[in-house]
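Here the structure is laid out as structure tokens; the discussion comes afterwards.
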There are 2 protein chains.
Amino acid sequence: MDQRKASNAKRGGAPTSADVARLAGVSQATISLVLNGRASKVRISEETRKRVISAAAQLGYTPNHAARSLRQRSTKIITFVLPTLENPYYSDIVSAAQIAAQQHGYAVSVIPARTKPGEFHALSLLQGAAFDGIVVAGRENCAAPELLQLAARGVAVVALQERSPDPSIYSVSVDLEAGGYLATRHLIELGHRRIAHVMEELPRPDTWRDRVDGYRRALAEAGLPLDPSLVVITENSMAGGCKAIEQLLLDRQRPTAAFMYNDQMAVGALHALRTHGLRVPDDFAVVGFDGLAMGQFTAPPLTTIDHPRRDIGRIVIETLIGAIEKGSLEVKQHLLPVKLLVRESCGGLEAPNQKP
Amino acid sequence: MDQRKASNAKRGGAPTSADVARLAGVSQATISLVLNGRASKVRISEETRKRVISAAAQLGYTPNHAARSLRQRSTKIITFVLPTLENPYYSDIVSAAQIAAQQHGYAVSVIPARTKPGEFHALSLLQGAAFDGIVVAGRENCAAPELLQLAARGVAVVALQERSPDPSIYSVSVDLEAGGYLATRHLIELGHRRIAHVMEELPRPDTWRDRVDGYRRALAEAGLPLDPSLVVITENSMAGGCKAIEQLLLDRQRPTAAFMYNDQMAVGALHALRTHGLRVPDDFAVVGFDGLAMGQFTAPPLTTIDHPRRDIGRIVIETLIGAIEKGSLEVKQHLLPVKLLVRESCGGLEAPNQKP
DNA sequence: ATGAAAGCGCTAACAA
DNA sequence: TTGTTAGCGCTTTCAT
């Protein structure tokens with residue numbers, strides 16, 4: 001009776017490396033060596049190698065993730081902590097990240113966590129070292145103090161669109177200020193003088209330049225006054241954009257254009273304008289922000305500020321893996337450029353009224 | 001020198017239960033008992049309990065996920081394997097699932113995996129027992145043969161919108177056939193006679209009743225012929241919907257209405273119609289499928305078939321956790337009802353032309 | 001070229 | 001009431 005332990009596979013669970021070892025007539029160590037590709041470089045005869053491979057295949061063996069992670073102190077998983085899956089904005093970022101991560105042997109997952117201030121959802125997982133790296137998006141999530149602690153413990157963390165005061169948290173962002181400037185300047189060039197900006201509530205106005213700062217800069221540059229009643233704060237959703245525009249239309253001195261915080265809000269804006277009988281762009285112009293695919297199919301198609309989302313995804317992963325494997329990186333902050341994507345919601349396509 | 005091992009915390013990693021034990025002057029086992037709430041019921045004096053709690057807090061201790069999973073043979077994570085994050089369809093499902101899961105002590109994650117036939121992305125994670133339960137969506141993903149193997153190894157798996165031939169895979173679906181019927185009958189009641197159906201390519205036509213079967217039934221019930229040239233297959237995206245409609249408009253015997261596979265395609269359809277100068281619903285009616293929030297903001301707002309997405313999320317989790325904890329469940333298949341959501345893309349709101 | 005053995009951090013019997 | 005001990009499944013020296 002040499003069979004000291006019952007085969008795990010027999011017990012209904014997944015086969016273990018011990019099961020494979022038994023079947024192949026070798027030791028567990030050999031299984032590990034062969035299956036991790038260290039066989040050729042180090043030692044292990046071709047014959048045993050084949051025997052191991054075939055035994056593993058026969059049992060359908062896959063290494064247990066928890067055991068491997070425990071032993072190697074690394075899970076080879078990078079996770080995105082996203083505020084919502086409702087906005088397809090992150091879709092391309094995550095796809096690009098997945099492709100990049102895969103090339104380095106990492107998997108990527110997503111944890112939806114709409115953090116209310118003070119609570120951070122999937123926290124125990126993050127703190128429990130279930131991931132080698134994490135990408136945090138959303139203002140509330142990025143502001144969570146726990147991130148610092150995570151970084152201190154050696155988890156690589158990058159914040160999307162948020163610059164952390166602490167250098168242990170990397171950041172990959174898009175130049176929001178430039179985007180706001182581009183959008184607003186576009187409207188000014190098209191002859192608009194009363195331009196509204198509809199935005200989400202921003203908790204910390206001085207920390208970080210956002211769209212609204214570019215909006216101000218463009219206005220100032222053109223010698224236009226900044227009318228506070230033209231800057232409206234609303235909930236970040238299509239419905240929010242819709243409500244904000246309705247409010248603006250009530251004004252006795254209506255604006256003739258609006259620069260919206262993002263494409264979702266812009267869709268709401270378009271809807272509100274349509275509902276109130278205003279033609280876009282003839283009666284009112286709208287610029288979005290993000291460059292979602294959806295913008296091609298709105299009525300009319302949306303002029304917007306396009307983000308290099310695939311680049312964001314790729315750079316996030318390169319940063320994270322660099323940090324995980326090298327420990328620390330030179331460049332902590334990435335700032336990516338945006339560009340104006342002219343479609344039809346502002347006019348200016350056929351008869352452009354460009355700056356000289 | 002009693003300090004046999006260096007504290008892990010000192011080494012820059014996360015503190016371990018041994019670190020907490022040392023600080024509190026108790027054994028590791030006590031830490032485990034206290035922190036898992038077994039202290040009160042079982043034993044452990046109030047005084048040690050407090051000491052442990054405070055030591056843990058002081059170090060910022062969180063149990064290592066890999067170690068705990070390895071020991072308990074359970075990760076307490078349920079993951080969704082989704083084909084894409086582009087379609088916000090899954091957003092509500094995942095949110096509802098997360099809430100339900102949390103009540104049972106499980107976390108939920110998402111793995112984006114657009115499986116091409118023959119390859120299954122995050123497979124090694126799934127097979128490596130990194131998750132206690134998995135929810136698979138998307139035709140290709142659900143068709144992966146590896147799912148059976150997973151189920152055989154004791155991972156609970158539910159397929160969304162796909163019935164597996166194997167009873168070890170649970171399913172939670174929406175009544176697509178009824179949806180197709182409702183959508184088509186609505187158009188018929190509104191007086192349409194030539195009604196198109198734009199759909200995604202369906203690999204296995206006989207396995208499972210889909211929208212197109214309901215479309216056929218409604219047509220047959222009304223004594224209308226099924227014209228094969230009115231059923232067009234296209235890519236599942238806004239652009240696909242757009243192209244399909246353009247193709248239909250070329251027909252010498254144009255349809256006057258289209259039932260679209262989902263809301264995303266319907267958005268593309270609306271765009272194509274607008275581009276070609278057709279008014280919706282006066283010249284052409286459109287029905288969508290899914291009930292996305294976006295449908296409220298299209299031009300015109302989209303009449304669609306609404307899915308009980310939050311119920312889906314909740315039931316998926318109840319099924320999964322039932323399966324994980326009880327082993328096996330009575331009811332393997334859930335079929336949820338849909339309902340017609342009348343907005344404006346078919347007319348029929350002011351002057352309804354209802355069936356008697 | 002391969003095996004034996006230790007140990008990652010945790011929990012659960014079993015002792016004391 | 002608390003400590004000791006034995007693994008969970010894997011990788012990795014170190015022997016052989």
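Computed from heavy atoms alone, side chains included, the values below leave out hydrogens, waters and symmetry copies. The sequence lines fix the lettering, A, B, ..., with proteins before strands; numbering per chain opens at 1.
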| task | Return the nearest nucleotide to the side chain of B:R68; candidates are C:dG3, D:dC10, C:dC10. | result | C:dC10

| query | Taking the side chain from B:T62 and the backbone from A:S124, do they hold a donor-acceptor pair closer than 3.5 Å? | reply | no

| task | Return yes if some donor-acceptor pair links the side-chain N/O of B:S17 with the main-chain N/O of B:Q28 below 3.5 Å, else return no. | result | no

| Taking CZ from B:R22 and P from C:dG9, how many angstroms apart are they, rounded to a whole number? | 11 Å

| query | Heavy atoms under 4.0 Å, any strand shown: does B:T48 hit a base, just sugar-phosphate, or nothing? | reply | sugar-phosphate

| note | OG (A:S168) and CD (A:Q149) are apart, to the nearest 0.5 Å, by 11.5 Å

| Length of the CZ-P vector between B:R153 and D:dG9, whole Å | 13 Å

| Rounded to the nearest 0.5 Å, what separation is found between the OG atom of A:S74 and the CG atom of A:D132? | 3.5 Å

| Contact check, side chains of B:E146 and B:L123, non-hydrogen atoms, under 4.5 Å | yes

| task | Specify the residue among B:E47 and A:A18 whose closest nucleotide of DNA chain D lies further upstream toward the 5′ end. | result | B:E47

| query | Can you check the B:Q72 CD to D:dA6 P distance for me, whole Å? | reply | 21 Å

| query | If you look at every heavy atom in A:L329 and A:Y170, which pair is closest and at what distance? | reply | N-OH, 3.1 Å

| Under 4.0 Å between a side-chain N/O of B:S17 and OP1 or OP2 of C:dC10, yes or no? | yes

| query | So does A:N36 get a side-chain nitrogen or oxygen closer than 4.0 Å to the phosphate oxygens (OP1/OP2) of D:dT11? | reply | yes

| task | Could you tell me whether a side-chain N or O of A:S69 sits under 3.5 Å from a main-chain N or O of B:A66, the two making a donor and an acceptor? | result | no

| said: Do B:I53 and B:K50 have side chains that approach each other closer than 4.5 Å (heavy atoms only, starting at C-beta)? | reply: no

| Below 4.0 angstrom from OP1 or OP2 of C:dG3, is there any side-chain N or O of A:T30? | yes

| said: Taking only side-chain N and O atoms of B:R73, does any of them lie within less than 4.0 angstrom of OP1 or OP2 on C:dT11? | reply: no

| field | Atom pair distance, as rounded to whole Å: CG in A:L70 and P in D:dC8 | value | 13 Å

| request: Starting from the 5' end of DNA chain C, give me the residue, A:Q28 or A:E46, whose nearest nucleotide shows up first. | output: A:E46

| message | Please find the pair of heavy atoms, one from A:P112 and one from B:V110, that lie closest to each other, and give the distance. | response | CG-CG2, 4.5 Å

| field | Proximity to the side chain of B:P63 - top-ranked nucleotide from D:dT2, D:dC10, C:dC10 | value | C:dC10

| query | Considering only heavy atoms, which members of residues 125-132 of chain B lie under 4.0 Å from some atom of DNA chain C? | reply | none

| query | Counting side-chain heavy atoms from CB outward, which of D:dG3, D:dC10, C:dT2 is closest to B:S27? | reply | D:dG3

| Criterion side chain to side chain contact (heavy atoms under 4.5 Å, CB included) on B:V136 and B:L147, from CA distance to verdict | CA-CA 9 Å; B:V136 198; B:L147 293 182; 3.8 Å; yes

| field | Side-chain N or O of B:S32 closer than 4.0 Å to phosphate OP1/OP2 of C:dT11 | value | yes

Look for any protein N or O under 3.5 Å of an N or O in nucleotides 13-16 of chain D and output each such pair with its distance, or none.
none

| message | At less than 4.0 Å, is any side-chain N or O atom of B:S45 found next to OP1 or OP2 of D:dT2? Yes or no. | response | yes

| task | Could you state the atom-to-atom distance from NZ of B:K76 to P of C:dT11 in whole Å? | result | 12 Å

| Nearest of C:dA12, C:dC10, D:dC10 to any side-chain atom of A:A67? | D:dC10

| Ignoring hydrogens and geometry, is there a side-chain-to-backbone donor-acceptor pair from B:N36 to B:L33 under 3.5 Å? | no

| query | In whole angstroms, how far is the C1' atom of D:dC8 from the NE2 atom of A:H65? | reply | 15 Å

| request: Return the value, rounded to whole Å, for the distance between atom CG of A:L35 and atom P of D:dT12. | output: 13 Å

| message | D:dG9, OP1 or OP2 - any side-chain N/O from A:R71 closer than 4.0 Å? | response | no

